[in-house]
Amino acid sequence: MEISALQKIVRDRYFENDSKRGIYHTALWFHEEVGELSSAIASGNIENAKEEFADVLMWLLTMANIMNIDMEEIITTYLNNPGKLPAK
Ligand SMILES: [Mg+2]
């Protein structure tokens, strides 16, 4: 699945409620999910970590939707700019 397709699914399913909640409170939810992912990783619970990876990605796309940011475009730009690539 492409990022744009996933972002559209998130937008179609959740945007109405997400936009009412707003970016600030959505960011709080996102941070909570990052914490849950960190805890799952630390505990070594792989099944729980899988769920939390999904939660984090979905909330990230939710924030992008609220801010009208096209993640497919952003990631393509990121990958095509060597200065933005993570160090190996
Ligand atoms: Mg979670």
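Read the numbers this way: they start at 1 and go in the same order the structure lists the ligands and their atoms. Computed over heavy atoms, backbone and side chain alike; hydrogens, waters and symmetry mates excluded. As the structure is a computational prediction, the values presented were derived from the model and not from experiment.
- Scanning both residues, Ile66 and Thr26, for their nearest heavy atoms gives CD1-OG1, 3.3 Å.
- For Asn68, the CG atom sits in a loose shell: 12 or fewer heavy atoms of surrounding residues, nucleotides or ligands are nearer than 6.0 Å.
- Residues Leu28 and Glu32 fail the side-chain proximity criterion, which asks for heavy atoms closer than 4.5 Å.
- When the shell of 6.0 Å around CZ of Phe15 is examined, it contains more than 12 heavy atoms from other residues, nucleotides or ligands.
- Panel note: side chain Asn81, backbone Thr77; no donor-acceptor pair is recorded below 3.5 Å.
- Nearest heavy-atom pair across Ala64 and Gln7 is CB-NE2, 3.7 Å.
- Counting only protein atoms, the N, O or S atoms lying less than 2.8 Å from the Mg ion (ligand 1) are Glu33 OE1, Glu36 OE1, Glu52 OE1, Asp55 OD2, ordered by chain and residue number.
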